[in-house]
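Here is the structure we will look at.
Quick caveat, the model's predicted, so the values are computed rather than measured. Quick note: residue numbers are just sequence positions, from 1. Ligands are counted one by one from 1 in listed order, and the atoms in each one are counted from 1 as well.
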Amino acid sequence: MVTRPSLSYVLADVHLQPEHHHPINQAFLNFIRQQAPQANSVYILGDLFETWMGDDLSLPLYQTEISALKTLTDSGTKLYIGYGNRDFLMRQAFWQATGAEFIEDETLTRIEDVDCLLLHGDSLCTDDKGYQRMRHWFRKPWIQWLFLHLPKKTRLKIAQKLRQQSGNQAQNKPANIMDVSSQAVTDLYARHPKIEHVIHGHTHRPAHHCLKIGDIEKQRWVLGDWRPEAQIIKISNQQISLVKLN
Ligand SMILES: [Mn+2]
C-alpha cells in the first residue's frame, strides 16, 4: 500500500470530445496520467463527456480516456463519477471498464477531512423552466430505458439534434437564467444546515461564493470547464482551493 499525502481533486464539465486528439481530451489525459495518480481520490461531478449515448455506443468512442481512467483506479486512486446533464446514461459496462464508483447528485462526503456536499449544479438553475422540464423527463428511468434500446443510428441522430438545440438555446437565453437561482441555493443550504462547503459545476462560472447563515459561513465552490483552461478544486491538508491547470 502506497502512502499518499493529503490530496484530492474535484472537477466537472470536462466535456470530453469524441475526437480524442482534441485539446480538451489531451489536457484531461495529462491530468489523469500525471497529477491524478498523486491523489487519494478524484471526484468528477458530471459532464465528463460531451454526450453519452449508451455504453455500447460511447465506450468505443472514448477508449483512450476510459483506459487512462482504468490505469488510474488500478494504481489505487479512488475515482468517483456523477451524472451531468449530458452524460447520465453510463451503466454497468462503463463502471466496470473504468473502475470508477457512481456518486448520486447531492452527496455528502468527507474529502481529506473536509465535509463537502457535491452536486452537478443543474438542479440549482431553476429559473430556466424549459431546461428543468426537459431534465424531469430525461431523468425518468423508462425514458432512459427506451432511449438505450433504440438502434445505434437513431441514438446518434437524436444526440446530434439535442447538441444543436442546446447550443442554440444557450445562445438565446439571458445570462442570468443560465446561472443558479439564489432561491435554489437557499433551499439547498436549508436542506443541509450543518454543511459548510458545497461544490458544484454546470454553470461554467468558476468562483468561490461565501454567505453567512447563522453561525455557519456557507461556501459555494463553482468548478470551471476545460475550455481552454481547467479550473478544478484541490483539497489538501483541510484546505480547499480553486486551482488552474495548465
Ligand atoms: Mn452541465
Side-chain angles (χ1 to χ4, degrees), residues 9-18 22 24-25 27-28 31 42-54 58 61-62 65 69 79-91 94 100 102-107 116-140 143-144 147 158-182 184-185 187-188 198-209 220-233 242 245:
Y9 291 108
V10 188
L11 49 123
D13 304 302
V14 186
H15 293 258
L16 287 173
Q17 302 295 310
H22 195 285
I24 290 179
N25 298 40
F28 180 73
F31 169 75
V42 173
Y43 292 79
I44 305 179
L45 307 183
D47 288 352
L48 170 60
F49 302 95
E50 181 70 21
T51 49
W52 193 266
M53 296 160 288
S58 296
L61 277 182
Y62 293 105
E65 292 76 13
L69 293 173
L79 175 64
Y80 302 91
I81 301 179
Y83 288 152
N85 53 303
R86 293 169 170 275
D87 55 354
F88 49 85
L89 294 172
M90 293 92 98
R91 297 291 185 263
F94 171 82
F102 173 64
I103 40 162
E104 295 276 357
D105 215 30
E106 251 187 84
T107 288
C116 301
L117 175 63
L118 308 177
L119 65 160
H120 178 56
D122 58 329
S123 60
L124 302 174
C125 299
T126 50
D127 291 335
D128 190 347
K129 304 282 184 231
Y131 170 70
Q132 290 300 332
R133 261 197 306 275
M134 200 172 74
R135 183 182 196 268
H136 173 79
W137 284 102
F138 285 170
R139 291 300 166 111
K140 289 195 182 293
I143 298 258
Q144 297 187 358
F147 180 83
I158 295 176
Q160 223 171 19
K161 262 229 160 96
L162 288 174
R163 254 175 90 173
Q164 278 167 1
Q165 260 178 16
S166 93
N168 293 342
Q169 276 171 6
Q171 278 163 15
N172 295 329
K173 276 180 189 170
N176 61 321
I177 285 188
M178 307 291 288
D179 203 355
V180 301
S181 98
S182 52
V185 173
D187 294 347
L188 179 75
V198 174
I199 307 177
H200 72 81
H202 180 67
T203 59
H204 302 195
R205 296 171 193 207
H208 177 207
H209 301 276
R220 184 165 62 88
W221 300 86
V222 187
L223 298 153
D225 59 16
W226 286 55
R227 329 168 176 199
E229 180 184 62
Q231 289 204 50
I232 71 171
I233 294 281
L242 194 60
L245 281 184

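- When ring centroids are compared, Y9 and Y43 stay outside the 6.0 Å threshold.
- Listing protein N, O or S atoms at distances below 2.8 Å from the Mn ion (ligand 1), with waters left out, gives D47 OD2, N85 OD1, H120 NE2, H202 ND1.
- For F88 and W52, the ring centers are positioned 6.0 Å apart or more.
- In this model, a donor atom of one side chain and an acceptor atom of the other lie less than 3.5 Å apart for R91 and Q144.
- Counting only N and O atoms by type, the side chains of D105 and Y83 include no donor and acceptor under 3.5 Å apart.
- H120 and N85 are linked by a side-chain donor-acceptor pair at a separation below 3.5 angstrom, with hydrogens and angles left out of the test.
- Remark: side-chain polar atoms of D47 are paired, donor with acceptor, to backbone N or O of R86 under 3.5 angstrom.
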